[in-house]
Amino acid sequence: MQYWLMKSEPGDYSIDDLERDGTEHWDGIRNYQARNLMRDQMKVGDRVLFYHSNAKPPGVVGVAEIAGRPYPDHTQFDPDAKYYDPTSDQDNPRWIMVDVRFVEKLPRLVSLPELRSYGELADMVLLNRSRLSVQPVTKEQYQFILDRAREPAPEKG
DNA sequence: GCCAACGTTGGC
DNA sequence: GCCAACGTTGGC
């Protein structure tokens, strides 16, 4: 089992949306590195930290799991879609997506500044200037963040 | 809304 | 293959 962090802007799709929907396809990935991770490394059942980006504050808000193997992202062929890719070939689609299933909403948000405050997380891809919207996390990082979420928020300062 | 960091494109 | 220009991400 591997562990991931996936970003979503809550204005576009939030953890509450996923809780309501149960399972949703994760479309719109248009980055080769993220695509390759989904295509080559994601396995059904892998756990995902659901991260709210462009939020106030940004941070990890929930857990999801990978619900199926990757398949073509239909939005790449939709001229009206935000992530339309006119250069993608119908017979050899460039972009894929996976289905993601809601697991839980964390007892509290673990914010980006809080994540940065933990030396244990210093190597997280998220904290090292990566803009990858799908990124691997280690089992230790995953568990550490869940453990923090089950404790009271640390004192500020 | 600004803009730094990063990724992609395309001319050469 | 280099790299400048451009586009996007995402924190602030």
Side-chain angles (χ1 to χ4, degrees), chain A residues 2-21 24-42 46-64 66 70-100 102-138 141-142 144-146 148-149 151 153-157:
Chain A
Q2 294 189 80
Y3 300 87
W4 306 95
L5 180 145
M6 295 170 85
K7 300 177 184 175
S8 184
E9 302 192 17
D12 290 342
Y13 198 78
S14 72
I15 188 70
D16 293 321
D17 293 327
L18 186 63
E19 181 172 27
R20 180 198 62 217
D21 296 339
E24 181 61 295
H25 53 268
W26 201 274
D27 63 71
I29 300 296
R30 297 291 184 271
N31 171 283
Y32 290 106
Q33 210 179 332
R35 178 201 68 181
N36 294 347
L37 287 170
M38 290 197 301
R39 183 189 62 196
D40 303 333
Q41 297 195 35
M42 268 187 180
D46 281 358
R47 290 293 163 128
V48 177
L49 296 172
F50 197 111
Y51 178 89
H52 278 174
S53 61
N54 257 320
K56 297 179 205 172
V60 176
V61 291
V63 176
I66 302 304
Y71 56 102
D73 179 344
H74 57 85
T75 66
Q76 68 196 299
F77 302 121
D78 178 359
D80 296 327
K82 182 177 177 185
Y83 295 107
Y84 176 53
D85 182 354
T87 69
S88 185
D89 180 358
Q90 284 274 0
D91 297 326
N92 186 20
R94 177 173 300 156
W95 305 112
I96 57 171
M97 61 187 178
V98 293
D99 286 346
V100 166
F102 177 82
V103 173
E104 67 171 314
K105 198 169 162 178
L106 295 182
R108 68 179 181 88
L109 173 146
V110 183
S111 73
L112 180 60
E114 184 181 342
L115 295 172
R116 285 194 196 287
S117 75
Y118 298 125
E120 292 90 338
L121 302 179
D123 294 333
M124 270 189 88
V125 176
L126 179 76
L127 305 183
N128 288 279
R129 282 193 229 92
S130 172
R131 301 183 324 195
L132 268 184
S133 58
V134 175
Q135 51 180 260
V137 299
T138 67
Q141 290 162 351
Y142 174 87
F144 184 86
I145 291 169
L146 290 201
R148 297 292 80 69
E151 297 172 347
E155 298 290 326
K156 295 231 170 143

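Note that the structure is predicted; figures quoted are calculated from it, not measured. Note on naming: letters A, B, ... go to the chains in the order of the sequence lines (proteins, then strands), and numbering restarts at 1 for each one.
Between the P atom of B/dG7 and the CZ atom of A/Arg30 lies a distance of 18 Å, rounded to the nearest Å. Atom-to-atom, OH of A/Tyr32 to C1' of B/dC6 comes out at 16 Å; the value is rounded to the nearest Å. Rounded to whole Å, the distance from CG on A/Leu127 to P on C/dC12 is 11 Å. Remark: P of C/dG10 and CG of A/Asn128 are 15 Å apart, rounded to the nearest angstrom. Atom P of nucleotide B/dA5 and atom CD of A/Gln33 are separated by 19 Å, given to the nearest angstrom. Rounding to whole angstrom units, CG of residue A/Leu132 and C1' of C/dT8 are separated by 13 Å. Atom CG of A/Asn36 and atom P of B/dT8 are 10 Å apart (whole Å). Distance A/Asp85 CG to C/dT8 C1': 15 Å, rounded to the nearest Å.
Side-chain atoms of A/Arg131 come within donor-acceptor range of the base of C/dT8, with a qualifying N/O pair under 3.5 Å.
Remark: the A/Tyr83 side chain and the A/Asp73 side chain contain no N/O donor-acceptor pair separated by less than 3.5 Å. A donor and an acceptor atom, one from each side chain of A/Ser130 and A/Asn128, are nowhere located under 3.5 Å apart. Side-chain atoms of A/Arg30 and A/Ser88 form no donor-acceptor pair, as typed in the model, at a separation below 3.5 Å.
If A/Ser130 and A/Arg94 are placed on DNA chain B by their nearest nucleotide, the residue sitting closer to the 5' end is A/Ser130.
Checking C/dG10, B/dG7, B/dT8 against the side-chain heavy atoms of A/Asn54 singles out C/dG10 as nearest. Among C/dG10, B/dA5, B/dT8, the nucleotide with an atom closest to any side-chain atom of A/Asn31 is B/dT8.
Looking at A/Gln76, its side chain does come within 3.5 Å of a backbone N or O of A/Arg94 through a donor-acceptor pair.
Phosphate contact (OP1/OP2 of C/dG7, side-chain N/O of A/Tyr83, threshold under 4.0 Å): absent. A/Lys7 has no side-chain polar atom (N or O) that falls below the 4.0 Å cut-off from OP1 or OP2 of C/dT9.
The aromatic rings of A/Tyr3 and A/Tyr142 sit tilted relative to each other, their planes meeting at an angle between 30° and 60°.
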